[in-house]
Amino acid sequence: MTHAIPTPLAPPPDILRCAYMELVVTDLAASRNFYVDVLGLVVTEEDDDAVYLRSIEEFIHHNLVLRRGPVAAVAAFSYRVRSPQELDRAVAFYTELGCEVRRAPEGYTRGIGDSVRVIDPLGFPYEFFYDVEHVERLAWRYDLHTPGALVRLDHFNQVTPDVPRAVKFMEDLGFRVTEDIQDAEGTTYAAWLRRKPTVHDTAMTGGDGPRMHHVAFATHEKHNIIAICDKLGALRLSDRIERGPGRHGVSNAFYLYLRDPDGHRVEIYTQDYWTGDPDNPVVTWDVHDNQRRDWWGNPVVPSWYTEASPVLDLDGVPQPVVARTDTSEMAVTIGADGFSYTRPEDDDDALPSWKQGEYKLGHQL
Ligand SMILES: [Fe+2]
């Protein structure tokens, strides 16, 4: 582990949930088409430079901001806190850590009031807010629902080089680990962390970072995800599908990973489980278990391990990326040097030959 981030004496802000992501996109019309016309997110407001989108069940102004800019990147991972007073706590918490902290009483984005933005000790642009404009919750507006309706923002996923260091910091911020992936040598490859009582509000994925791995929206049912795949096929947009559909081992959710016109990764996710009890058991997966990332044993495509979006500092400049020095999950599970198993008691070579290396997807002839 590199140097640990000290635990501040100041208490952390009381975070409710992940609330929205601000994405910088290079072609606003193309991104609007993808998120609105293809995925069915609802436009709350828009102008020439930005589109403010929400999911069907949301009552706050937006869950996603698409902002026109020169470099495709993430400008903010934004969390709602329990009360306006929590913003003072956020300022004190991050100031004590020596982080860059800015507060905007009128808010940074349309529809959001008093808010605090920081560059956290891991290098990510985080935002906290309470004041927000309420809009119509469209849960009962079935006349507007599509077969693949996205109903909630579910979580973020962040790439960071040192997962245990990130987990310790996020626990200081008040998050709890629900699941993780480790090996017998003590390397942690990824961890899932929650505030709301689901599997996560954000996950820390080991890799060169800080970068954004994906933002995830929930559907009600599995069939909604199949409908999205069918629609992408009908529109001849199957190349937007990177991985899935499938069933995760971690989180037990049904999933699909898409790439937007700038390459930002979006997950469609449904049916994870309740985690709100104080003694909720942590689930630890062996990195060599080939059902950890896909319960049906389907391989993870290499791009999913290696590609992610840059994140911006508070002036809009891409943050420098630090290389991971711990072993990579792809290296230990995919290819000639990697191995995985279906049954833990099997010998290393028990997988059928056509399954060994599990990199056939993305490498087909
Ligand atoms: Fe996810």
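Ligands are counted one by one from 1 in listed order, and the atoms in each one are counted from 1 as well.
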The Fe ion (ligand 1) and H214: any N/O/S contact shorter than 2.8 Å?
yes

Does a salt bridge link R102 with E100, judged by any charged N lying under 4.0 Å from a carboxylate O?
yes

Can you name the residues that form a ring-ring contact (aromatic ring centres under 6.0 Å, His included) with F59, not counting sequence neighbours?
H134

Is H155 close enough to the Fe ion (ligand 1) to have an N, O or S atom under 2.8 Å?
yes

Do the rings of F93 and F169 sit parallel, tilted or perpendicular, given the 30° and 60° boundaries?
tilted

Classify the angle between the aromatic ring planes of F77 and Y126 as parallel (below 30°), tilted (30 to 60°) or perpendicular (above 60°).
tilted

Provide the atom name of the closest N, O or S atom of E267 relative to the Fe ion (ligand 1).
OE1

